[in-house]
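Only a predicted model underlies this, so the values are computations on that prediction, with no experimental measurement involved. Note that ligands are numbered from 1 as they come in the structure, with each ligand's atoms numbered from 1 the same way.
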Amino acid sequence: MVKTIKIMKIKNSLKKIGSAALVLFLSVSSYAGGPENLKNTDMEKFDTHEFPALPYGYDALEPYIDARTMEIHYDKHHRAYFNNFVGAIKDTKYDSYSIYEIFAKVSEAGDVIRNNGGGFYNHVFFWNNLSAKSSGPSAELTEALVKEFGSVDKFRELFSNAAKTRFGSGWAWLVVTAEGKLAVGSTPNQDNPLMDVSPVKGTPLLALDVWEHAYYLKYQNRRPDYVEAFWKVVNWEEVSRRFKDAKK
Ligand code: MN
């Protein structure tokens, strides 16, 4: 197993590379492991000294996700989670932990780290699984979805229901479990499937933010409409890559 790169150790060397290909190369080549030690590599691209950039413009996902919502969501909500998380781990033992190590024992870390660490990670993960160019799952992922859920449409229905029925604020997830199976579930607040407290555990492949701040300006109380619009902007290329990585 390749040890996860400590987020605090990644300096400016990565953040200014500006080459998606190189980042992808580093990301893929530094990952290894079976279902028992699955890690998602997204966070290895980032350090805690700089708030990660949104991978597209605020208006990129119009009309499904409006620019004003995206701007407030990224620049206010996400940034606050990042700042609070960095502040909370500063000068503590968690400074030297990877974010995965923090999540694995987050019940011991306290609510400030749990809520803000989750809020930081979940949004990075979410932005990366959205795209203006939405296609469909890879052949490999399609086969796994059909095997687990009966059809891709059935998976979408289950995932949408998880998103629509999460009471209050939270997230819907598609994960690969430690047994190597696909599973759908939801988490409250800013919890995620990498956390020891999560009702659904595994390596996340796809996330949907169902906090009101994610949709209220455009959709008001119509969360189901937002969930349906989400499917128009899923970055299946990224979700399929995550699945491929998770299976190594
Ligand atoms: Mn959010």
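In Asp209, the N, O or S atom that comes nearest to the Mn ion (ligand 1) is OD2.
The Mn ion (ligand 1) has an N, O or S atom of His73 under 2.8 Å away, backbone or side chain. Not one N, O or S atom of His78 sits under 2.8 Å from the Mn ion (ligand 1).
Cluster annotation: Leu54 and Val233 are assigned to the same hydrophobic cluster (Ile/Leu/Val/Met/Phe/Trp/Tyr, side-chain heavy-atom contacts under 4.5 Å, transitive).
Remark: Arg166 fails to qualify as a cation-pi partner of Trp171 under the 6.0 Å distance and 45° angle criteria applied to the six-membered ring.
At distances below 3.5 Å, not a single donor-acceptor pair connects side-chain atoms of Asn189 with backbone N or O atoms of Asp191.
Between Trp211 and His123, the gap from one ring centroid to the other reaches at least 6.0 Å.
Draw a line from the Mn ion (ligand 1) to NE2 of His123 and another to NE2 of His213, and the angle between them is 140° (to 10°).
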